[in-house]
Amino acid sequence: MIVEVHAGSPIRIPGACSRCPALVANRRRIVPGYGSSEARVLLVGEAPGYKGGDLTGVPFTRDRSGVRLQQVLIALALSEETDPRVERPRLHCFVTNIVRCNPPSNRTPSRTEMDNCLPYLWQELELLRPRIVVPVGGVAAQAIFPRLLGRPSPPITQAHAQVFHRDGVVIVPMRHPARSSNHELDRFVAVMRLLLPAVG
Ligand code: SF4
């Protein structure tokens with residue numbers, strides 16, 4: 001399946017993956033990563049939302065957390081849109097999830113489900129080679145830190161908008177936009193504005 005939608009070379013992920021029976025039974029669709037294949041910034045959420053990506057096919061769109069995240073991307077000029085409700089935004093970054101199928105009742109994915117789906121994230125990381133990785137929410141941070149930083153993530157309330165480095169990759173966790181205050185999102189935007197000029 002081609003997930004790059006507006007520029008550059010395609011990234012392929014499975015079109016009919018059935019590794020997680022409970023998610024396969026619940027999902028409307030598999031929600032692949034979305035954005036520019038030339039992205040220097042990769043944002044990774046937990047899972048497509050029932051009222052968001054599971055409906056639209058695009059991570060972080062339509063539902064409240066999606067609109068708030070799109071507002072952040074617009075503020076950082078990582079989106080060409082001016083309306084955060086656009087459901088196929090023209091992005092200069094790439095957004096994806098730890099698991100690509102909506103869990104029943106929007107529950108947190110199980111460890112097994114995350115382990116089933118993480119190889120697709122590692123593939124995206126390998127293909128994109130982003131300079132900045134943004135785990136969005138505590139579940140994403142806990143899944144990503146051991147691989148990229150070799151240690152567990154601090155609680156997301158502490159890690160939010162902090163800058164972590166390893167091997168040329170910068171990791172800047174963000175508290176989930178559904179639970180972030182406006183002040184917390186503003187702080188994340190301020191930190192990213194300092195970092196982005198260095199990564200082109
Ligand atoms: S969550 Fe990932 S691994 Fe599980 S069924 Fe969906 S695409 Fe496959």
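Read the numbers this way: they start at 1 and go in the same order the structure lists the ligands and their atoms.
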Flag for N182-D186: side-chain donor and acceptor within less than 3.5 Å: no
N/O/S atom of C17 inside 2.8 Å of atom 8 (Fe) of ligand 1, strictly under: yes
Hey, looking at atom 6 (Fe) of ligand 1, which of P103, C101, P21, P32 has the closest heavy atom? C101
Any atoms of ligand 1 less than 4.0 Å from a non-hydrogen atom of L23? List them with their elements. 1 (S)
Measuring from the heavy atoms of R100, does anything fall under 4.0 Å of ligand 1? yes
Just wondering, is there an N, O or S atom on C117 that's nearer than 2.8 Å to atom 6 (Fe) of ligand 1? no
Using 0.5 Å steps for rounding, measure from the CG atom of L125 to the CZ atom of F94. 10.0 Å
Salt bridge flag under 4.0 Å for residues E46 and R179: no
Under 3.5 Å side-chain donor-acceptor pair for T96 and E124: yes
Ligand 1 versus N116: contacting region, heavy-atom distance under 4.0 Å: both
Any atoms of ligand 1 less than 4.0 Å from a non-hydrogen atom of C20? List them with their elements. 1 (S), 3 (S), 4 (Fe), 5 (S)
Applying the side chain to side chain contact (heavy atoms under 4.5 Å, CB included) test to L76, which of H92, Q71, M192 qualifies? M192
Taking only heavy atoms of V99, which atoms of ligand 1 are found under 4.0 Å from at least one of them? 1 (S)
Which word best sums up how the rings of F164 and F145 line up, parallel for under 30°, tilted for 30 to 60°, or perpendicular for over 60°? perpendicular
Show me which atoms of ligand 1 lie under 4.0 Å from any heavy atom of R19. 3 (S), 5 (S)
Here the pair of heavy atoms bringing P109 nearest to V99 is CG-CG2, 3.7 Å
Is ligand 1 under 4.0 Å from a heavy atom in the side chain of R27, in the backbone, in both, or in neither? side chain
